[in-house]
Amino acid sequence: MKATVPAVALAALIAAPTVLAAQQTPPAGSLPLSHVVSKLETGLGGDLSYISDVSWDDDGYWEVEYQTTDNREVEIRVDPASGEIRQR
């Protein structure tokens with residue numbers, strides 16, 4: 001029994017980084033990024049001047065920065081599966 005406990009503890013330590021690691025890429029079933037951007041361009045309409053940056057956040061969403069027609073910088077979070085803007 002004593003040998004079993006260290007073996008189980010070792011297995012848990014080896015598996016922990018895999019379980020705790022943040023997701024580095026969008027999950028399976030996500031919309032292609034081009035579709036997400038297109039949906040944003042349509043949805044933001046006349047308020048959008050240009051999209052300045054799009055990056056994947058380890059917490060599971062696209063982080064999008066854009067400039068409005070009145071020169072405001074806006075940062076939003078976008079759901080990768082639906083392309084909808086998430087509330088913060």
Side-chain angles (χ1 to χ4, degrees):
M1 179 69 182
K2 289 184 180 183
T4 305
V5 172
V8 170
L10 179 61
L13 287 173
I14 291 170
T18 304
V19 172
L20 298 176
Q23 188 169 0
Q24 298 295 319
T25 59
S30 295
L31 293 172
L33 181 55
S34 59
H35 290 194
V36 172
V37 170
S38 178
K39 192 169 186 172
L40 286 173
E41 289 173 335
T42 302
L44 295 171
D47 190 42
L48 175 67
S49 178
Y50 63 91
I51 294 174
S52 56
D53 187 42
V54 178
S55 59
W56 177 252
D57 190 279
D58 293 343
D59 290 331
Y61 57 84
W62 288 109
E63 187 174 274
V64 179
E65 296 174 13
Y66 70 92
Q67 193 86 15
T68 64
T69 53
D70 61 353
N71 293 324
R72 289 181 298 119
E73 290 184 13
V74 180
E75 184 177 299
I76 56 174
R77 297 174 178 179
V78 181
D79 183 270
S82 67
E84 298 296 321
I85 297 173
R86 289 184 173 182
Q87 299 299 321
R88 289 187 177 249

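Because the structure is predicted, anything quoted here is derived from the model rather than measured. Just so you know, residue 1 is the first one in the sequence shown, and it goes up from there. Both backbone and side-chain heavy atoms feed into the values below; hydrogens, waters and symmetry mates do not.
- Rounding to the nearest 0.5 angstrom, the gap separating the CD atom in Gln24 from the CG atom in Asp58 is 4.5 Å.
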One pair to check against side-chain contact (heavy atoms from CB on, under 4.5 Å): Val74 and Thr68. What are the steps and the verdict? CA-CA 7 Å; Val74 180; Thr68 64; 3.7 Å; yes

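- Closest heavy-atom contact between Gly46 and Thr69: O-CG2, 3.0 Å.
- Screening residues 28-40 for side-chain hydrogen bond (donor to acceptor under 3.5 Å, both in side chains), with sequence neighbours left out, gives Lys39-Glu84.
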Stepwise, does the side-chain contact (heavy atoms from CB on, under 4.5 Å) test hold for Val64 with Val36? CA-CA 10 Å; Val64 179; Val36 172; 5.5 Å; no

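- When all heavy atoms of Asp59 and Asp57 are compared, the pair lying nearest together is N-OD1, 2.8 Å.
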What verdict does the side-chain contact (heavy atoms from CB on, under 4.5 Å) test give for Gln67 and Arg72, after you've listed the backbone C-alpha separation in whole Å, the side-chain angles of each residue and the deciding distance to 0.1 Å? CA-CA 6 Å; Gln67 193 86 15; Arg72 289 181 298 119; 6.0 Å; no

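- Across every non-hydrogen atom of Ile51 and Tyr66, the tightest pair is CA-CB, 3.9 Å.
- By the rule that hydrophobic residues join a cluster once side-chain heavy atoms approach within less than 4.5 Å of another member, Ile76 and Leu31 end up as members of one cluster.
- Nearest heavy-atom pair, Gly60 versus Arg86, reported as atom, atom and distance to 0.1 Å: O-NH2, 3.2 Å.
- In this structure, CD on Glu63 lies 4.5 Å from OG on Ser55, to the nearest 0.5 angstrom.
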Could you go through Trp62 and Trp56, starting from their C-alpha distance and side-chain angles, then the distance that decides it, and tell me whether this counts as side-chain contact (heavy atoms from CB on, under 4.5 Å)? CA-CA 5 Å; Trp62 288 109; Trp56 177 252; 3.8 Å; yes

